[in-house]
Structures are given as C-alpha cells and as structure tokens.
K.L.:
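Here it is, the structure in full.
Below, chain A is the first sequence line, B the second, and so on; all start at residue 1. Since we're looking at a predicted model, the values are computed, not measured. Below, each value reflects all heavy atoms present in this structure, side chains not excepted, and no hydrogens, waters or symmetry copies.
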Number of protein chains: 2
Amino acid sequence: MGEPRTLILVGIGTGDPGHLTLQAIRALNGADLILIPRKGENKADLADLRRAILAEVLTNPATRIAEFDLPVRDAAHPDYRSGVDEWHDAIAATWARAIDVHPGAARVALLVWGDPGLYDSSLRIAARLAPAPRIEVIPGITAVQALTAAHGIPLNEIGAPFIITTGRRLRDAGWPPGVDTAVVMLDGECSFRHLDPAGLHIWWGANLGLAQALTLAGPLAEMAPRIVAARAEARARHGWIMDVYLLRREPAARPPGQG
Amino acid sequence: MGEPRTLILVGIGTGDPGHLTLQAIRALNGADLILIPRKGENKADLADLRRAILAEVLTNPATRIAEFDLPVRDAAHPDYRSGVDEWHDAIAATWARAIDVHPGAARVALLVWGDPGLYDSSLRIAARLAPAPRIEVIPGITAVQALTAAHGIPLNEIGAPFIITTGRRLRDAGWPPGVDTAVVMLDGECSFRHLDPAGLHIWWGANLGLAQALTLAGPLAEMAPRIVAARAEARARHGWIMDVYLLRREPAARPPGQG
C-alpha cells in the first residue's frame, strides 16, 4: 500500500453558504471524494442544503460526491454513553463502506455542520477507521458564533469566563458554578424552564444561517414561554429544529463574593 | 440627516487569509470604508497582515482603506476594569475621528481578529459611538477553533461542558469548578504553572494561522517548561505572541461524584 488516505473534516458553518471559509472551499475542491450523509426523511432538507453549498463552491470536475444513509441512534438505549459509542461504531462502518466504493480516493472530505471541534462526533468516528487515515480539520463557524453575531452581543463579559454546556447538564445540575454566562447546546427540551428565571436574560436563536432563522431575547421569565411556543411552531413546520441560547446572570443576581 | 451609518465588525480569523468566510469577503467589498488599526511598532506586522488579507480579497475599487493609530491601554491603572473602560472610550474617539474624515461613508467595516464575540472589545467600543451606528457582526474563526483544528481534537468530551476563561482567572481562582476541560485565553504569563499538573494534559498553540505557528501537547508536568521556553523564544523573535491552550483533566484525577 502507498500513502495512507487523508480524511478532511470540513466545518461548513450553520447552513449559510456565506459561512464557508476560503480554506474550506479549497479543501473541498482538493478532495477526490466528498461524502454527504443523509439523516432520514425529516432532515432531508439538510442534505439538500449540503448539495446546494457544494453546487455553489465546487469547481473541480474531478471531485466525486457520494451520499450515504446514516444509521439512527438508539435513543432508548439504557446507557446514554454506551448508546452513543455503539452509534459511532455503526457510523464508522458506514463511512468505511462509502469510502471503499472509491478505492482510488486519496483525499476524502466530509462536510461537518458548524465546527468539527464543537459537539460533533466526526473526530471520534474517524478514530475508529482502520487503517487509520491522516486527519485534517478545517474549522467552521459554529451556531454559538452565529447566535452572538445575530444578536450583536459578546459571548463573554470583560475578562470573565463562560461555560458551554448541554441541555441535559443544565437540567441535571442547575446553573453552572463559577460563571455568569452559559451557552446551552444540544437542548431538545427547553431546559431553561428548569432554572429560577430571576435575574437571568436569554438570547435564543434557531436555524441560524438558514432562511427560516429565528431570534428572541429578553428577561428569561418573560421570554421562556415565547421561546417554547416559537420553537414548537418552527419544529412542527420543518420537522426539525436546531437551536442554541446564551443565558447571562445580572450582577444583582450573583452570589456574594463573585464578580 | 439620512440613514444612520452602518458599522460592520468583520471577524477575519487568526491571520490565515484562508480563514476568511465568503460572508466576510462580501462585507468587505460592500463597505465604503475599511478601518485598519495600527498597534504600535511591535505589532506592525499584524497591520501588514491585515493589508495583505485585504489585497487578497478586496476587488471593489470604490472601497477606501484608512489606517489609524490605536491608543495604548494604561496597564498601570490601579483599577483594571476602569482602565479598560477609559481605554475603550479613547479607542471610540479614535474610530470616530477616522470615520469623520470620510463623511460620505455609509458602510464602514472594521477587521476584527478572530470573532467579534469572543474576548474582543469592538462591540463595547462601538456602543460608545454617537450618533449610534447600526451594527452588523460577521463571525470569524477564533484562536480556540484554530487550536483544536491544529491538534485534531474535540473541544468537549461527549455531552460534557467546558469553560473558556482567562489566564488571570486561572491564576486567581485555580481550576474552574464543574468542568474537566478549560480553554485559556488572554494569558501573557503561562498561568498553567500555578496549577497542580497531576492528571492534566495541555494542548498549546501560538500564532495559529500564521507561518510561524507553533503547537505543543502532552502531560502538563512534562510540557509546562517546554511551552514556557518556546513561548519566550517566539516572543523574543517577533516582539509579540498570541497563544491559547486547552487543559483537560484525566478521569482518574477528577473529584469523586463527577464524570
């Protein structure tokens, strides 16, 4: 065998083709093969979006595009972590099959929503491939950045830390210790409803970067029911929704000895 | 007066022109005026880099470029926060003067290192301008993303939160509560030296996106002196350095009841 295959994880941002970086466009045009996952009927328009993005930036006629069906995670698995591990094994097998159809493809690119480093499984799935490919990562605009840009707000207060966490963790552990700003991702359940809203402000965004983007912001007490309603309505209309939000605690609501 | 002026804060990434997004390139070419700050002699090459980036992507002959000198922060100010506030006032006055020279410029763009939302002052400075301009934010690749891409690692563990914090906070408050991953920015003092290194791994990067990029990774106990030396050497050579690092705590080193 010659050189090991190179797998390029290309962050594409959150759906706006304008999120693509010059580096990403160069990587896509330098690939022999680009893999596009299909995620079941509901998210069909996300595969469409990936196709539309490629149609806009791909100029190399030699680059092949291959679509493949992603296995579905067993959401009923008794152990969340094991369920995720098994799902990643299954996805790695699917990638391997999709790549094996093109034995001559030395550079294979995968379009990754957002950034391959942030709440994305591609690096962990890639580590399961045998023989191990060389991995290259092209960073992309994340939903967190699309959120703060849409609202025109900074992520952090001056010199202050912030946490990025998940809806599950917010429900299980409450307000995170040691910070006054929390960004919440992977939250299918509007977990902000589990917090005491006193002194909290929320900046929420859904489907940021897409034509159907939504934003809402204000005191959590007032905005929570409006966000729950807007989210349910958008989800019903499209069959899916991707949302993210930033919570900030007012100085007056901070525990003594902080800030 | 007619329409309010629009100020576009354009995230340009960390120096690699390949970090520019299509959205950023469009915004720059749609601007009547682009402001480039000069930050004193030592960082002259950063102004050069901004000029080189514009030379690469600017195709609109009507777009004007204006350079201006940034005031220097009084690092000896007895109150850090007030010192920053006064510095931001002074920068806002400088922006206003630079813009007033071009009264016909309806769309003014500012090139922002990284992303305007992450440890950047541009939004706070822009809020001081009178009359208040319309603000648009174009997200850009951050040093955090350049770091994880260069090392090929995920920011977060599966379903786990992480904190983004500063060197000052790490020195003053130690390991942040409730997380096993911390990204440290704005650290001129290798503050990781103030932590007990047992069970900690570090992924460090300096000047990521530039030709002189450096990366080091490994157990903190072993890497700390090597990073201190590499950082000092690079800083002496260029007169400045921009670095960022990620610290992760091994499962065995986590306090009981976590992870």
K.L.:
If you count heavy-atom pairs under 4.5 Å with chain A, which of B:Val84, B:Ile138, B:Ile141, B:Val57 comes out on top?
P.N.:
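Among B:Val84, B:Ile138, B:Ile141, B:Val57, the one with the most close pairs to chain A is B:Ile141.
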K.L.:
Hey, which of A:Pro154, A:Gly13, A:Pro176 has the most heavy atom pairs under 4.5 Å with chain B?
P.N.:
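Of A:Pro154, A:Gly13, A:Pro176, A:Pro154 has the most heavy-atom pairs under 4.5 Å with chain B.
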K.L.:
Taking the six-membered ring of B:Tyr80 as reference, does the NZ or CZ atom of B:Arg168 fall below 6.0 Å from its centre and within a 45° cone about the axis?
P.N.:
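Judged by the rule (NZ or CZ under 6.0 Å from the ring centre, within 45° of its axis), B:Arg168 counts as positioned above B:Tyr80.
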K.L.:
When you measure from the side chain of A:Ser191 to the backbone of A:Gly167, do you find a donor-acceptor pair of N or O atoms at a distance under 3.5 Å?
P.N.:
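A pair under 3.5 Å: yes.
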K.L.:
Using a 3.5 Å distance criterion without hydrogens, assess whether the side chain of A:Arg254 forms a donor-acceptor pair with backbone atoms of A:Arg249.
P.N.:
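Side chain of A:Arg254 to backbone of A:Arg249: a pair is present.
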K.L.:
Are any of the side-chain nitrogens in A:Asp180 or A:Arg248 under 4.0 Å away from the carboxylate oxygens of its partner?
P.N.:
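No, A:Asp180 and A:Arg248 are not salt-bridged.
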K.L.:
Tell me which of these, B:Gly152, B:Ala127, B:Ala149, has more heavy-atom pairs under 4.5 Å with chain A than the rest.
P.N.:
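The option with the most such pairs is B:Ala149.
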K.L.:
Counting heavy-atom pairs under 4.5 Å with chain B, which one of A:Ala173, A:Ala150, A:Gly140, A:Ser121 comes out on top?
P.N.:
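Most heavy-atom pairs under 4.5 Å with chain B: A:Gly140.
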K.L.:
Specify which of A:Ile135, A:Val183, A:Ile158 makes the most heavy-atom pairs with chain B at under 4.5 Å.
P.N.:
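Counting heavy-atom pairs under 4.5 Å, the top option is A:Ile158.
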K.L.:
Between A:Thr142, A:Asp16, A:Ile163, A:Val144, which shows the greatest number of heavy-atom pairs under 4.5 Å with chain B?
P.N.:
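Sorted descending by pairs with chain B, the first entry is A:Ile163.
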K.L.:
Donor-acceptor pair, distance only, cut-off 3.5 Å: does the side chain of B:Thr166 make one with the backbone of B:Arg169?
P.N.:
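The answer is yes, because a donor-acceptor pair under 3.5 Å joins these two groups.
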K.L.:
Hey, can you tell me if A:Tyr119 and B:Phe162 have their rings parallel, tilted or perpendicular (30° and 60° cut-offs)?
P.N.:
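Judged by the thresholds at 30° and 60°, the geometry between A:Tyr119 and B:Phe162 is tilted.
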K.L.:
Identify which part of A:Leu9 has an atom lying under 4.5 Å from any heavy atom of chain B, answering side chain, backbone, both or neither.
P.N.:
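Neither part.
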K.L.:
Would you mind checking if A:Arg26 and A:Glu136 are paired as a salt bridge, meaning a charged N to carboxylate O distance below 4.0 Å?
P.N.:
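Answer for the salt bridge query: no.
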K.L.:
For each of A:Leu20, A:Thr148, A:Leu147, A:Asp120, tally heavy-atom pairs with chain B at distances under 4.5 Å, and name the one with the top tally.
P.N.:
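So the answer, after comparing A:Leu20, A:Thr148, A:Leu147, A:Asp120, is A:Leu20.
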K.L.:
Can you tell which of B:Ala160, B:Gly117, B:Gly11 has the highest number of heavy-atom pairs within less than 4.5 Å of chain A?
P.N.:
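Highest number of heavy-atom pairs under 4.5 Å: B:Gly117.
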K.L.:
Please name the pair of heavy atoms, one in A:Leu214 and one in A:Leu208, separated by the smallest distance, quoted to 0.1 Å.
P.N.:
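Here A:Leu214 and A:Leu208 meet closest at O-CD2, 4.1 Å.
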K.L.:
Check whether B:Leu186 gets within reach of chain A through its side chain, its backbone, both or neither, counting any heavy atom under 4.5 Å.
P.N.:
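Neither part; nothing is under 4.5 Å.
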K.L.:
Given the options A:Leu123, A:Val137, A:Asn156, which has more heavy-atom pairs under 4.5 Å with chain B than any of the others?
P.N.:
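Top option by heavy-atom pairs under 4.5 Å: A:Asn156.
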